[in-house]
Chemist: 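Quick one: the structure is below, and I'll ask about it shortly.
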Amino acid sequence: MTKFPYLRQDFAASIVVFLVAVPLCIGVAVASGVPAELGLVTGIVGGLVTGLMRGSSLQVSGPAAGMTVLVYEAVSEFGVSALGVIVLMAGLLQLLMGFLRVGRWFRAISVSVVEGMLCGIGLVIIAGQVYAAAGLKAPDTGLGKIAGLPGAFVDALGNTTALISLAIGAGTIAVIVLWKKLPARVQATPGALAAVVLATIATAAFSLPVATVEVEGLLGAIQPPGAEALGQLASPAIWGTIIAFTLIASAESLFSAAAVDRLHDGPRTQYNKEMVAQGAGNTVCGLLGALPMTAVIVRSSANVNAGAKTKASRVLHGVWLLLFTAALPWALALIPLPALAGILVHAGWKLIPFRQIAELWRDYKSEALILVVTAVSIVAVNMFEGVLIGLALSVVKSAWESSHVKLEVIDKGAGPIQAHLSGNATFLRLPKILDSLEALPQDRPIEVHLSGLHHLDHACRTALESWAERHSAPGTEPVKVTEPT
C-alpha cells in the first residue's frame with residue numbers, strides 16, 4: 001500500500017466519476033447526432049489515455065456538452081464518417097501546439113469571450129433539447145430553434161405521446177434539481193444518474209410510448225477514418241471545422257484546468273503538458289471515429305469533491321466505463337431519450353453564467369457587452385464564427401483602451417503655441433489628435449512636443465509630419481516637432 005498510499009480514496013472517487021460520466025457521455029453523443037456508444041468510447045479514451053498522461057492530475061476528460069453544437073453542425077455538414085478525420089486532425093494540431101509550448105497562451109483569451117461562448121452554447125443546447133424532450137424534430141439553426149419553441153409547445157399540447165415524452169424530460173430535470181436537497185448519504189449517488197434510472201424504470205413499468213437509445217454495439221459504432229473520409233481533407237471547408245474543434249476544445253480544457261486548480265491544493269496544471277495530453281486523447285478518439293474530448297468541469301469537480309488524490313481515479317473511471325460498455329450494452333437500449341434531453345437541458349442551463357454577467361455589468365460594462373454579443377452571435381450564426389466575433393471585439397476593445405493619448409495646448413498669448421502629446425499615439429486615436437491640431441491657428445508659431453509619448457506608431461508619425469508640413473500659413477514659422485525620447 002505504500003506504493004499507492006491514496007488507492008482507497010482514488011478508488012472511491014473513480015466510482016463517483018464513473019456514475020456521473022455514464023449519463024453525460026451517452027447524452028452528449030445522442031445530442032451530437034452520433035451513436036451513444038461513441039460518447040462512451042471518448043470517455044474511455046479520456047480515462048485510459050489522457051488520464052495516464054501528465055498535465056493536470058485531477059482533471060477528468062471526456063465528451064463535453066460544450067462541444068455538442070459544433071459536433072452536430074459538423075456531422076450535419078460532412079457526415080458521421082468524417083467525424084473521425086476532423087477529431088484526428090484536431091488532436092494532431094493540439095499535439096503540435098503542446099510541443100510548441102503555446103498552451104499557456106490560451107490563458108490570455110478574454111474571460112468574457114469564454115463565458116459568452118459557454119452562454120451561447122448553453123442557449124442552443126437548451127433550445128435544441130426541448131424539442132428532443134418532446135420527441136419533435138428541431139430546426140437546424142440556433143435562431144430557428146429558439147423562434148420555433150412556442151410552436152413546438154403548441155404541437156406538443158395536441159399530441160399525447162409528445163406530452164408524455166416532455167413529462168419524462170421535465171421530471172428528469174426536477175429530480176436533478178431536487179436531488180441536491182436530499183441528505184448527503186443519498187447524494188452519494190449522482191443526481192443525473194438517479195434521474196436516468198428513475199426515468200428508465202418508469203418508462204419500462206408503465207410501457208410509456210417514448211423513444212429510447214438506439215444501440216449498435218461497441219464494435220459496430222466505431223468507424224475508423226477510411227480513404228474516402230481522409231479525402232475530404234482536400235476540401236478547405238472541413239479545415240475551418242478542424243480549426244474550430246482545435247481552438248474551442250483547447251480553450252475549454254485549459255480554462256477547466258484553471259478552475260479545477262482552484263478546487264484543490266495539490267500540484268498545479270502544467271498547461272503545455274495538458275495540451276499534449278488532450279491532443280493524444282483526441283488523436284486516439286479520431287482514429288476510433290469517436291467524439292472529440294475536452295476536460296469537463298462537472299466530472300472534474302466531482303472527482304475532487306469525492307476525495308481523489310492522484311490521477312489513478314480518472315484512469316479507473318475509464319476502466320469502469322470500458323467494463324460497462326462491454327458487459328452491459330443492452331442497458332443503453334432501456335434509457336429513454338427525453339431523460340437524456342433533460343440532463344442536457346440542465347447542463348445547458350448551468351453553462352449560462354448569470355452571476356458573471358451581473359458582476360461584469362456592474363463593474364465592466366464593455367466586457368459584459370462582449371459576453372452578450374459573443375453569445376448572441378453563436379446563436380445567430382454558428383459557434384466558430386460567434387467565437388471569432390467575440391475575440392475580434394475583445395482585441396478591438398483592448399487596443400482602444402491601450403491607446404490612451406492626451407493633448408494639452410498651452411498658449412500664453414505671446415510666443416509659440418505649445419502642444420504636448422502624452423500616452424500612446426496609435427491610429428485608433430489619430431482622428432482625435434488631428435482634429436485638435438488642425439484647430440490651432442495657422443498664423444502663429446507652433447511647437448509640438450512628443451516627449452511624453454510612450455508609443456508612436458507609424459500611421460501617427462506619418463500623419464503628424466504631413467500636418468506639420470502643410471499647417472503653417474505663408475510667412476509664418478513652420479511647425480516644430482520635438483521627437484519622443
Chemist: Got more than 12 heavy atoms from elsewhere within 6.0 Å of CD, Glu359?
Modeler: yes

Chemist: Evaluate the side-chain proximity of Met67 to Leu70: yes if any heavy-atom separation is below 4.5 Å, no if none is.
Modeler: yes

Chemist: How about Ile352 and Ile126: do any of their side-chain heavy atoms sit closer than 4.5 Å?
Modeler: yes

Chemist: Give, for atom CD of Glu385 and atom CD1 of Ile378, the distance between the pair rounded to the nearest 0.5 Å.
Modeler: 11.0 Å

Chemist: Between Val387 and Leu247, is any pair of side-chain heavy atoms under 4.5 Å apart?
Modeler: no

Chemist: Would Val379 and Leu143 count as a side-chain contact (heavy atoms from CB on, under 4.5 Å) if you check the C-alpha gap in whole Å, the side-chain angles of each, and the deciding distance to 0.1 Å?
Modeler: CA-CA 6 Å; Val379 174; Leu143 280 179; 4.1 Å; yes

Chemist: Around atom CG of Asp265, are there more than 12 heavy atoms of other residues, nucleotides or ligands at under 6.0 Å?
Modeler: no

Chemist: Going from CG on Leu337 to OG1 on Thr212, what distance comes out if it is rounded to the nearest 0.5 angstrom?
Modeler: 6.5 Å

Chemist: Say whether, by atom type as modelled, one donor and one acceptor occur between the side chain of Gln187 and the main chain of Leu182 under 3.5 angstrom.
Modeler: yes

Chemist: Indicate the atoms forming the closest heavy-atom contact of Val260 with Ser300, along with that distance.
Modeler: CG2-CB, 3.5 Å

Chemist: Where do Leu233 and Ile238 come nearest, in terms of heavy atoms and distance?
Modeler: CA-CG2, 4.0 Å

Chemist: How about Trp349: does its CH2 atom have over 12 heavy atoms from other parts shown lying under 6.0 Å from it?
Modeler: no

Chemist: Provide the closest heavy-atom pair for Leu157 versus Leu163 in the form atom of the first, atom of the second, distance.
Modeler: O-CD1, 3.8 Å

Chemist: Take a 6.0 Å sphere around CD of Glu214 and say whether it holds more than 12 heavy atoms from other residues, nucleotides or ligands.
Modeler: no

Chemist: Please determine whether side-chain contact (heavy atoms from CB on, under 4.5 Å) holds for the pair Leu92 and Leu96, giving the CA-CA distance in whole Å, both sets of side-chain angles, and the decisive distance to 0.1 Å.
Modeler: CA-CA 6 Å; Leu92 292 174; Leu96 179 63; over 6 Å; no

Chemist: Are any non-hydrogen side-chain atoms of Val22 and Leu321 less than 4.5 angstrom apart?
Modeler: yes

Chemist: Using 30° and 60° as the class limits, which term best fits the ring planes of Phe11 and Trp320: parallel, tilted or perpendicular?
Modeler: perpendicular

Chemist: Please find the pair of heavy atoms, one from Tyr271 and one from Asp261, that lie closest to each other, and give the distance.
Modeler: OH-OD2, 4.3 Å

Chemist: Side chains of Pro209 and Ile164: closer than 4.5 Å at any heavy-atom pair?
Modeler: yes

Chemist: Would you say the side-chain atoms of Ser61 and Gln278 include a donor-acceptor pair closer than 3.5 Å?
Modeler: yes

Chemist: Using a 3.5 Å distance criterion without hydrogens, assess whether the side chain of Lys311 forms a donor-acceptor pair with backbone atoms of Leu52.
Modeler: yes

Chemist: Is a donor on one side and an acceptor on the other found under 3.5 Å between the side chain of Ser394 and the backbone of Gly390?
Modeler: no

Chemist: In this structure, are over 12 heavy atoms from other groups packed under 6.0 Å from Phe206 atom CZ?
Modeler: no

Chemist: In this structure, which one of Val45, Leu93, Leu288, Leu88 forms a side-chain contact (heavy atoms from CB on, under 4.5 Å) with Thr283?
Modeler: Leu88

Chemist: Output yes when a side-chain donor or acceptor of Ser32 lies under 3.5 Å from a complementary backbone atom of Val34, and no otherwise.
Modeler: no

Chemist: Short question: side chain of Asn282, backbone of Val87 - any donor-acceptor pair under 3.5 Å?
Modeler: no

Chemist: Without hydrogens or angle criteria, can the side chains of Ser250 and Gln94 be said to hold a donor-acceptor pair below 3.5 Å?
Modeler: yes

Chemist: Which heavy atom of Thr294 sits nearest to which heavy atom of Ala64, and what is that distance?
Modeler: OG1-CB, 3.2 Å

Chemist: Taking atom NZ as the centre, does Lys145 end up with more than 12 heavy-atom neighbours from other residues, nucleotides or ligands that are less than 6.0 angstrom away?
Modeler: yes

Chemist: More than 12 heavy atoms of other residues, nucleotides or ligands under 6.0 Å from NZ of Lys181: yes or no?
Modeler: no

Chemist: Is there a donor-acceptor pair under 3.5 Å between the side chain of Asn305 and the backbone N or O of Ser301?
Modeler: yes

Chemist: Assess the residue pair Val113 and Ile370 against the criterion (side-chain contact (heavy atoms from CB on, under 4.5 Å)); give the C-alpha distance rounded to whole Å, side-chain angles, the decisive distance to 0.1 Å, and a yes or no.
Modeler: CA-CA 7 Å; Val113 175; Ile370 291 173; 3.9 Å; yes

Chemist: Will you find, in the side chains of Ser256 and Gln59, an N or O donor that is under 3.5 Å from an N or O acceptor?
Modeler: yes

Chemist: What verdict does the side-chain contact (heavy atoms from CB on, under 4.5 Å) test give for Ile389 and Thr374, after you've listed the backbone C-alpha separation in whole Å, the side-chain angles of each residue and the deciding distance to 0.1 Å?
Modeler: CA-CA 6 Å; Ile389 290 170; Thr374 303; over 6 Å; no

Chemist: Say you draw a straight line from CD1 of Ile15 to NE2 of His317; how long is it, rounded to the nearest 0.5 Å?
Modeler: 11.0 Å

Chemist: Answer whether the closest heavy-atom distance between the side chains of Val315 and Leu48 falls below 4.5 Å.
Modeler: yes

Chemist: More than 12 heavy atoms of other residues, nucleotides or ligands under 6.0 Å from CZ of Arg101: is that the case?
Modeler: no

Chemist: Considering only heavy atoms from C-beta outward, does the side chain of Ile343 approach that of Thr172 to under 4.5 Å?
Modeler: yes

Chemist: How close do Ala13 and Ser313 get, heavy atom to heavy atom, and via which atoms?
Modeler: CB-CB, 4.1 Å

Chemist: Check whether any side-chain heavy atom of Phe245 sits under 4.5 Å from a side-chain heavy atom of Leu83, and report yes or no.
Modeler: yes

Chemist: Taking atom CG of Leu371 and atom CG of Leu393, what is their separation to the nearest 0.5 Å?
Modeler: 11.5 Å

Chemist: CE/Met53 to CZ/Arg314 distance, rounded to the nearest 0.5 angstrom?
Modeler: 10.0 Å

Chemist: Checking the side chain of Asn303 only, and the main-chain atoms of Ala308 only, is there a donor and an acceptor separated by less than 3.5 Å?
Modeler: no

Chemist: Is it the case that the side chain of Glu274 and the backbone of Ser56 share a donor-acceptor pair, with hydrogens and angles ignored and the cut-off at 3.5 Å?
Modeler: yes

Chemist: May I ask you to decide if Ala133's main-chain N or O and Ser165's side chain share a donor-acceptor pair within less than 3.5 Å?
Modeler: yes

Chemist: In Å, rounded to the nearest 0.5 Å, how long is the span from CD1 of Ile242 to CD of Gln232?
Modeler: 9.5 Å

